[in-house]
Amino acid sequence: MSSAPSAQVVLELTFAQAINAALKEELARDPAVFILGEDVAEAGTPFKVLAGLVEEFGPERVLDSPISEAGITGLGVGAAMTGLRPVVDIMFGDFLTLVMDQLANQAAKTHYMSGGKLNVPLTLRTTMGATRRSAAQHSQSLHAWVAHVPGLKVVLPSTPADAKGLLKTAIRDDNPVVFIEDKMDYAVKGEVPDGEYTIPFGVADVKRPGEDVTVVATSSMVRVALAAAEQLEAEGISAEVIDPRTLVPLDVNGLVSSAQKTGRAIVVDEGHRGYGASAELAAVIAEGAFWGLDAPVRRLAALDVPIPFSPPLEDATVPTPDLVAQTARELVRG
Amino acid sequence: MSSAPSAQVVLELTFAQAINAALKEELARDPAVFILGEDVAEAGTPFKVLAGLVEEFGPERVLDSPISEAGITGLGVGAAMTGLRPVVDIMFGDFLTLVMDQLANQAAKTHYMSGGKLNVPLTLRTTMGATRRSAAQHSQSLHAWVAHVPGLKVVLPSTPADAKGLLKTAIRDDNPVVFIEDKMDYAVKGEVPDGEYTIPFGVADVKRPGEDVTVVATSSMVRVALAAAEQLEAEGISAEVIDPRTLVPLDVNGLVSSAQKTGRAIVVDEGHRGYGASAELAAVIAEGAFWGLDAPVRRLAALDVPIPFSPPLEDATVPTPDLVAQTARELVRG
Amino acid sequence: MTATASGTAVGAELALEMYGRMTLIRLFEEQANELYRSAKMPGLTHLYIGEEGVAVGVCSALRRDDWITSTHRGHGHCLAKGAEPGRMFAELLGKEAGYCRGKGGSMHIADHENGNLGANAIVGGSAGIATGAAFSAKRRGADQVAVCFFGEGALGQGLLYEVMNMASLWSLPVIYVCENNLYNEYTHYLEVTAGDILARPRAFGLETREVDGQDVRAVYAATAELVERARAGAGPSFLLANTYRYHGHHVGDVDRSYYRTKEEEQLWRDERDPLALLGSWLEEQRHATGEELRRIEEEARSEIERGLAFALDAPFPDASQVTEDVYV
Amino acid sequence: MTATASGTAVGAELALEMYGRMTLIRLFEEQANELYRSAKMPGLTHLYIGEEGVAVGVCSALRRDDWITSTHRGHGHCLAKGAEPGRMFAELLGKEAGYCRGKGGSMHIADHENGNLGANAIVGGSAGIATGAAFSAKRRGADQVAVCFFGEGALGQGLLYEVMNMASLWSLPVIYVCENNLYNEYTHYLEVTAGDILARPRAFGLETREVDGQDVRAVYAATAELVERARAGAGPSFLLANTYRYHGHHVGDVDRSYYRTKEEEQLWRDERDPLALLGSWLEEQRHATGEELRRIEEEARSEIERGLAFALDAPFPDASQVTEDVYV
Ligand SMILES: Cc1ncc(C[n+]2csc(CCOP(=O)(O)OP(=O)(O)O)c2C)c(N)n1
Ligand SMILES: Cc1ncc(C[n+]2csc(CCOP(=O)(O)OP(=O)(O)O)c2C)c(N)n1
Ligand SMILES: [Mg+2]
Ligand SMILES: [Mg+2]
């Protein structure tokens, strides 16, 4: 963490509360910050993540928008170019489909195309993650798309403490940042330092040290990986769980060193497998740690199918602790 | 090729003419086929690829649309669900940004979400490729995005003969297919069998056999790879150039066997490097050929920057024959 | 379900049929709510209760081979277009016997046999599909019509304007039916909708009508006229149906006081209920006695019960089916 | 460039200034065409010749700290908002001295210092940006105005309707200026545009005006009024300016007979030329003699020549700059 917590007090917050706290602090700190999105004001979003903000900061700072994802993102880009720091709320990550032009062709490229003269300090918050029985159009994890666009930064926090510190960094960043929250994480609790702190981008975090196998996990897959590590420990296999936290910038060295140390790596990500983030993470490790690897890098990701509604089907699409543990066993025992 | 050419006559056609021939034959064969897009009729597109089609098939089969990429794609999805076979023309691949909802949330998922009852035989043709001095919003190669969406098939032809046979397969496919043509290829000539033939999806093609290093190349990067192979031959290095032709379905075995044979692999793709198609291809090879590889798989792709306008800058963004050859040398000579 | 569009006056037979369908929807939705509250249904669902007059009025003016596209709040459209409650419940429960083998769920039910091209969980997402279906009908020389149902929230989606422009240019047989139930989730539509709703389609050259969505006979009459126009090649139109949802945005939206009052809800239930209004009319006109209406309700109730029992008994799909149906 | 919006009548001083700016644009574009034809310019470019009255009329009613967003056909907007020909030519040639260090090129010139937030190669792509700039002005309590220039082809993009709705809801100081030059690339706009253009913004509650884009004084007067409204907090508006491009869609579009006639082109050049019309008026009103107008032209010509020489001489950026400016 770049700035030490201003107090040693540690709170027990849910992931949603941590996000809320970050927004609240940034709204209070900088009058240029505002929130724009569907049902963000009184409703506080369907996930209730923004509860209380409009009451505290007023409808000028927390605005309910029409159901116009492209429009609000575009408006955010223009506002960001002219002195404000918009936080645009895109309710479901599945709706990134609607904003890709404003994100990829406008927000991401403005700084470069203008030869560095203009910049777009926009934060776009959205969600990812399946297993909520929300079916194919409300369950996608599309972070690979935005991570593929030079000019965007992409954040996937996995704990309440990371979520708070990284979101504050995102809002202060002078570049467009896509900040993606896993819906299944919102209710998860964790320790969060009270008061002011930020977390720098591009620094992977070892969530659990280990010796025998590296498990690189993103977002809620960190919990899956940690559960697998518990299982494995009982069997005498020591797994290191490492979370890149930001896909762009990516802490290549952090991932490669861990894989080099253990000689084996598994990547666990909730995006689809094909042409997904797991491919980049695996390729980077396979190239960087080639001479130290005792086995091929394995990728675990969402099945390459639209996410089905039916529970037994949906549950088969996402990596589980059992699957991660089984894969680790195969790697370690050869 | 799945069906033998009806005649042994071989024509010398440009890539653009090959596309035109495929469309012409399919329009003539099946009255359900129609073309919808901006300036596709009298203008025959800005690239003149569709020249003559409206004259032959009339404005009911070749329709000029408003500048509404999302709208025409959505209209295509509905028409495809109800008995037609639309070929939607999206002028620049950069405008995929505008159609991702209709492609990824509608076209790709309809068959699955309906439990197999509905289907979407839509072909979406678009372009890719830089070095035309068209700057950041007209030079992108966004195939990784669509390849990441289960339910879509993705075709990247590299020769006139492949373009024709694969486009005919795409139009006859009962699934949505994204067919991506490199603008720099349009004027390139090649031998094309006269008359009816199709090329199956999922079959990689060895464009040049070799022994020392495998170069997996897509779209116009095949020409770059072949030029590099020429250079290398003079130095006694034998490069095998293999073109997956379809990213989805992907001929994993074809790529892995080649890499296993040569022990070294380079992937060359014109999309951005980060989270791009080159990552999937490299990851698949690194995993599948792990025990046979003598060196890490190397990735060559577009620099992770928006494509700049200025010629000396733009030329620095895309892999060149020299770069491919140099990388091969490094791999082979260790 | 069939109806000639030549006359717009609704006779006894049609009115009774519509009364039956509306009742079926009401009871289906009450049961769906119950399934949620008893934790038998995976996920959430959006109830159509209060809006039955729109789906039934519109779909009663359509043929079986006409198409509709539907929304996240789609059970009413689906039943009105002829679907069976049993296979619908099965879909809501994620069972293999559901319309989509359990893969779609509430937000994606499609019923191809009856011309329902599917519910859509992207607000406004089906506007292109309905327009494309109309394009297809016209191109193939069929005289089918396509209806695009959407909530007033979809007026925020640019896609709608893109496709209305094309429908108008090419005189496509499509009817855009805007179900204005006053709320976009938890926000009153007037807070997010500028200008005049009907002036929007009119600006693109569409024929427009506004109708009391709680009066199923008025909805039917307006639709019948627009369908006749469309079949005759006179092009697209836009029907604004004013209505109200009695329940929350979805089944879990129980505390609604921060965005609307209990009084408002009660007023609609008491004075604008589409079933009660049609029932009174049927009795006034002596098309039916209270007894006969209760019998219709009982029939609907037993259809719902049979359907529910079927769905509860039906097996889940085997996990192996997860990889089927991605490609044809 | 500065103008008070209080009176809309255009006096001699302003008219002469506008004459000079229009001339500068005309000569700049002729030179750009020449650069293409002599193979000195990388890629293609879209000429604004014929449309000068719109950019100059609009921008003359703006302050330097007001914002504009521009299009693929953006040189006119850029010059009208105050940019220097030399740095613009340098950008067109991909030179480091260009407004964007050569990274943007013709389709992306931005000139932040004069309030030009950039040309945009996505048709309609800047509608959100202009609306956001207006939002920013209002939120910060500044009295700046944002102008969004776009061709009538952008009426096909849904984004425009999404943001007009918000501009109207929130009374944002933005003016959407539709430059109707009759063609979307190679297709007449009537083939792809249904209904009534001005009825579209009106449906969203915007104030609208239509103006002869070849009459720079009329464009100025209409804009001045709309700017005054916007600054006063009265909200967004839409200005439809009817105009014509004399050249092809881009410099390479030479054979145009399949989409429009030589006669049509000639008619606009002969009878509707914005420079000729203003020149005649200036002479009729005795605001200037033919001699004085020629002097203005000569000054513009030498400014263009100096700029061109500067740009041709300027060095290309070093290849190492390719990775700069991706992130702040
Ligand atoms: C493109 C998109 N944006 C946001 C949502 C989230 N969402 C689901 S329903 C809804 C409100 C829809 O309101 P309306 O169209 O009026 O339909 P109603 O629910 O009132 O029937 C929203 C915002 C979505 N599903 N799709
Ligand atoms: C979203 C998008 N679709 C298509 C294009 C290709 N294109 C460039 S200019 C143009 C025509 C624009 O017409 P109009 O808006 O009237 O502007 P004009 O060229 O007449 O000034 C088209 C289709 C584009 N740049 N962006
Ligand atoms: Mg509503
Ligand atoms: Mg035009």
Side-chain angles (χ1 to χ4, degrees), chain B residues 31-34 36 59-61 63-86 88 98-99 101-102 104-122 149-153 173-177 201-202 248-249, chain C residues 67 69 91 96 98-105 107-113 115 117-122 124-140 142 144 146 148 157-167 169-170 172 174 317 321 323-328:
Chain B
V33 175
F34 73 100
L36 177 63
E60 300 263 294
R61 304 284 303 283
L63 281 93
D64 276 338
S65 79
I67 308 176
S68 305
E69 285 78 6
I72 61 177
T73 305
L75 195 153
V77 175
M81 284 165 75
T82 55
L84 299 183
R85 290 190 174 272
V88 169
L98 293 162
V99 308
D101 190 67
Q102 293 301 310
N105 279 331
Q106 312 300 340
K109 296 184 176 36
T110 293
H111 188 62
Y112 193 83
M113 293 192 305
S114 70
K117 302 250 177 69
L118 296 164
N119 62 310
V120 184
L122 166 79
V149 181
L152 300 179
K153 295 185 178 179
D173 198 295
D174 282 333
N175 300 287
V177 179
F201 289 174
V248 182
Chain C
W67 286 301
T69 62
E91 191 60 37
E96 191 183 348
Y99 272 103
C100 308
R101 306 180 73 194
K103 286 180 171 160
M107 287 205 291
H108 302 292
I109 298 187
D111 171 16
H112 191 41
E113 294 150 49
L117 296 176
N120 209 307
I122 302 298
S126 74
I129 295 171
T131 310
F135 180 93
S136 168
K138 182 163 176 163
R139 171 61 35 85
R140 290 179 298 101
Q144 293 155 290
C148 179
Q157 292 286 316
L159 177 70
L160 182 64
Y161 306 95
E162 296 190 5
V163 298
M164 287 199 300
N165 183 46
M166 287 187 269
L169 282 169
W170 302 328
L172 303 182
V174 54
Q321 296 184 19
T323 51
E324 296 172 5
D325 303 322
V326 182
Y327 295 99
V328 177

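- Considering all non-hydrogen atoms of both residues, C:A110 and B:L118 come closest at CB-CD1, 3.9 Å.
- In this structure, B:Y112 contributes its side chain and C:Y327 its backbone to no donor-acceptor pair below 3.5 Å.
- Considering only heavy-atom pairs separated by less than 4.5 Å from chain B, the leading option among C:E113, C:Q321, C:R140 is C:R140.
- Interface remark: B:V99 contributes no atoms to any contact with chain C (heavy atom separation under 4.5 Å).
- Here CG of C:L159 is found 9.5 Å from OG1 of B:T73. Values are rounded to the nearest 0.5 Å.
- Of the two parts of C:E324, only the backbone, made up of N, CA, C and O, holds a non-hydrogen atom closer than 4.5 Å to a non-hydrogen atom of chain B.
- To the nearest 0.5 Å, atoms CG (C:L172) and CG (B:L75) are separated by 7.0 Å.
- Taking each heavy atom of C:D325 and B:H111 in turn, the nearest pair found is O-CD2, 2.9 Å.
- Interface summary for chain B: among C:P317, C:G132, C:G128, C:A121, the most heavy-atom pairs under 4.5 angstrom belong to C:G132.
- When all heavy atoms of C:N120 and B:Q106 are compared, the pair lying nearest together is ND2-OE1, 2.7 Å.
- Remark: side-chain polar atoms of C:R101 are not paired, donor with acceptor, to backbone N or O of B:G116 under 3.5 angstrom.
- Both the backbone and the side chain of C:A133 come within contact range of chain B, judged by heavy atoms closer than 4.5 Å.
- Rounding to the nearest 0.5 Å places OG1 of B:T110 at 9.0 Å from CG of C:L117.
- Counting heavy-atom pairs closer than 4.5 Å to chain C, the top residue among B:G71, B:P176, B:G76, B:P121 is B:G71.
- Note on B:N119, B:V77, B:L63: by heavy-atom pairs under 4.5 Å with chain C, the leading option is B:L63.
- Remark: side-chain polar atoms of B:K117 are not paired, donor with acceptor, to backbone N or O of C:D111 under 3.5 angstrom.
- Between B:M81 and C:H112 the shortest heavy-atom distance is O-CE1, 4.4 Å.
- Nearest heavy-atom pair, C:E162 versus B:S68, reported as atom, atom and distance to 0.1 Å: OE1-CB, 3.4 Å.
- Interface remark: B:K109 contributes no atoms to any contact with chain C (heavy atom separation under 4.5 Å).
- B:L36 touches chain C through its side chain: at least one heavy atom from C-beta onward sits under 4.5 Å away, while N, CA, C and O do not.
- For B:D174 (side chain) and C:V328 (main-chain N/O), no donor-acceptor pair under 3.5 Å exists by modelled atom type.
- Nearest heavy-atom pair, C:L169 versus B:P66, reported as atom, atom and distance to 0.1 Å: CD1-CG, 3.9 Å.
- Residues meeting the side chain to side chain donor-acceptor pair (under 3.5 Å) test with C:S126, sequence neighbours left out: C:T69.
- Within the model, atoms CE of C:M107 and CE of B:M113 stand 10.0 Å from one another, a figure rounded to the nearest 0.5 Å.
- Side-chain atoms of C:S136 never come within 3.5 Å of backbone atoms of B:L84 as a donor-acceptor pair (strictly under, hydrogens ignored).
- Applying the side chain to side chain donor-acceptor pair (under 3.5 Å) criterion to B:D101, with sequence neighbours excluded, gives A:T97, B:N105.
- Annotation: C:F135 is in aromatic contact with B:F34 [ring centroid separation under 6.0 Å].
- Both the backbone and the side chain of B:I72 come within contact range of chain C, with heavy atoms under 4.5 Å apart.
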